[in-house]
Amino acid sequence: MSSRKDTAKTASASTRRQFSLPVEEIPRKWYNILADLPEPLPPPMDPEEGESRLSALPEMLIGECLKQEMSTERWIDVPEDLISLYAQAGRPRPLFRALSLERHLKTPARLYYKGEFYSPTGSHKVNTALAQAYYAKEAGFERLTTETGAGQWGTALAYAATLVGLRCTVYWVRAVSKWKQSRMNFMRLMGAEVFPSPSDKTETGRKLFEKNPDHPGSLGIAISEGLEDAKRDKKAIYSLGSVLNHVLLHQTIIGLETQKQFEMAGEYPDLVISCLGGGSNFGGFALPFLGDALTKGKKTRFIAAQSQVAPNLQGEYRYDFADHGELTPLLKMYTLGHRVDMEPIKGDGLRYHGCSPILSYLRSKGYIDTVAYPQDEKHVFERARTFILTEGFLPAPESAYSIACAIDEAVKCKETGEEKVIAFNISGHGFMDMEGYSEVLGL
Ligand SMILES: Cc1ncc(COP(=O)(O)O)c(C=O)c1O
């Protein structure tokens, strides 16, 4: 924790609200934490019965992404054309000091949030969508298939596909697709075809759809649908928006920028907080700081904000499938079970049964704490309301969980008098999620 002496900065530094990097400072390399783990990450495995999923991996994933998935190189180059796409998407993104929120809370903590919400499609998902679309195009594919929960990943991939000249098919968890009509239209405007999932387009989907055409769906089901679709079309390849090592790798661009911005602020976070579904946003933000904890002995605390409907980090640490239809290899992760039923919520991007293998491993070693908020989401949305009224920005429902956790910690600091530096990531904006706010807050 920073001492009072450390914090006696110049008046201008202590009231500075924004820390921005020029376009030349877009990170040129992604950070691969696999190089810094104290032991190799438990690898994916085949189940005891059935066909080998491992040998099907080269047909399941984009070649370059599969290479990155296995790589233990510490730094992996971002291709020059991709840097240009990142610039087109508005990177680097600012880091803000939440001065108005701090004053409102009367907390001695200093709160900083990363503005991933300044994304053309609304979230951090663009960071890996552009990378995956770029590599898929390079490999000669013509179409991408995928799942989406909140709709943010589907929109990000539709956008990235359009920019590089690919088609895109999205299987969207039905419970969410029903109330986010403007996001549906946004994806379609960008040329994607979108099917509520479970759909009648795939075997996995049909089995569930025929029993219940109103089935709410889940990310695990939508992943199976995307995989099945790509498997029957040689010109298509599947693209996953979270969980896997290469997805977190691409997202480290968030934390790498944030580290430079903390240097500008003359601070280092005591607490790093973000929401966690499959782990791409939490990982992207936290992994560079977790690398410091592993290699430099930094004592930062990491907290993943989750929902009580899907507290996957409180599940069992064991091998499980990443999808409902059991098409993927088994991954060693904290899981609630790949066929568990979970009630829909407004922050539905957090409703996934398992957590990324990298983050699961780090949790098993005691590096990551978790907090799970109640299903009614009232506390989370009230905290988001406080943020909106002070900082003036509308977060995505998922990002509201990061905010709730950061404010809860800042309130604790008020009670103890600790001057902690709290960093949190606002992974997306909520401009297409107003119905969620209206319903939970009774607007
Ligand atoms: C804005 C936003 N933040 C966070 C998440 C959680 O996913 P992940 O854990 O992969 O970041 C989602 C998922 O859809 C999302 O849309």
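Counting starts at 1 for both ligands and their atoms, following the listed order. All values below were derived from every heavy atom in this structure, side-chain atoms included, with hydrogens, water molecules and symmetry-related copies excluded. Predicted model, so just to flag it, every value in this text is computed and none were measured.
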For atom 12 (C) of ligand 1, find the nearest protein heavy atom and state the residue, atom name and distance (0.1 Å precision).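 Among all protein heavy atoms, the one nearest atom 12 (C) of ligand 1 is Glu398 CG, 3.9 Å.
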
Please check whether [X] reaches ligand 1 - meaning an N/O of the residue sits under 3.5 Å from an N/O of the ligand, judged on distance alone.
X      : value
Leu276 : no
Ser280 : yes
Ser123 : no
Cys275 : no
Gln152 : no
Ala396 : no

Treating Asn281 as the side-chain partner and Leu276 as the backbone partner, does any N or O pair qualify as donor plus acceptor under 3.5 Å?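 Not at all, since once roles are kept as given, no pair shorter than 3.5 Å links the two residues.
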
Can you name the nearest heavy-atom pair linking Ala406 to Ile273, along with the distance?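 Here Ala406 and Ile273 meet closest at CA-CD1, 3.7 Å.
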
Is there side-chain contact between Ile407 and Leu105, with heavy atoms separated by less than 4.5 Å?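 Ile407 reaches Leu105 side chain to side chain.
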
Below 4.0 angstrom from a heavy atom of [X], which ligand 1 atoms are there? Numbered from 1 as shown, please.
X      : result
Ser427 : 1 (C), 2 (C), 3 (N), 4 (C)
Asn281 : 8 (P), 11 (O)
Gly278 : 8 (P), 9 (O), 10 (O)
Gly279 : 8 (P), 9 (O), 10 (O)
Ser242 : 8 (P), 10 (O)

Indicate the ring-plane relationship of Phe387 and Phe424, choosing parallel, tilted or perpendicular according to the 30° and 60° boundaries.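 The rings of Phe387 and Phe424 stand perpendicular, inter-plane angle above 60°.
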
Check contact between His124 and ligand 1, using heavy atoms of the residue and a distance below 4.0 angstrom.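 Yes, that is the case, since the closest heavy atom of the residue is under 4.0 Å from the ligand.
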
Would you call Lys125 a ligand 1 contact, heavy-atom distance under 4.0 Å?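 So Lys125 counts as touching ligand 1.
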
Nearest candidate to atom 14 (O) of ligand 1, where distance is taken over non-hydrogen atoms, out of Gly283, Ala305, Gly349: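 Of the listed residues, Gly349 has the closest heavy atom.
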
Apply the salt bridge (Lys or Arg N to Asp or Glu O under 4.0 Å) test between Lys346 and each candidate in Glu398, Glu377, Glu439; give the one that qualifies.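 Considering Glu398, Glu377, Glu439, a salt bridge (Lys or Arg N to Asp or Glu O under 4.0 Å) with Lys346 is found only for Glu439.
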
Crowded around Asp341 CG? As in, over 12 foreign heavy atoms under 6.0 Å?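 Open.
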
Are there more than 12 heavy atoms of other residues, nucleotides or ligands under 6.0 Å from atom NZ of Lys231?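 Not more than 12 within 6.0 Å, no.
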
Between Glu102 and Arg110, is there a salt bridge with N-O shorter than 4.0 Å?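 No salt bridge links Arg110 with Glu102.
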
Less than 4.0 angstrom from a charged side-chain N to a carboxylate O is my criterion; do Glu409 and Lys412 meet it?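 Salt bridge: yes.
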
Assess Arg363 against Tyr317: is NZ or CZ under 6.0 Å from the centre of the six-membered ring, and within 45 degrees of the ring's axis?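 Arg363 over Tyr317 ring: no.
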
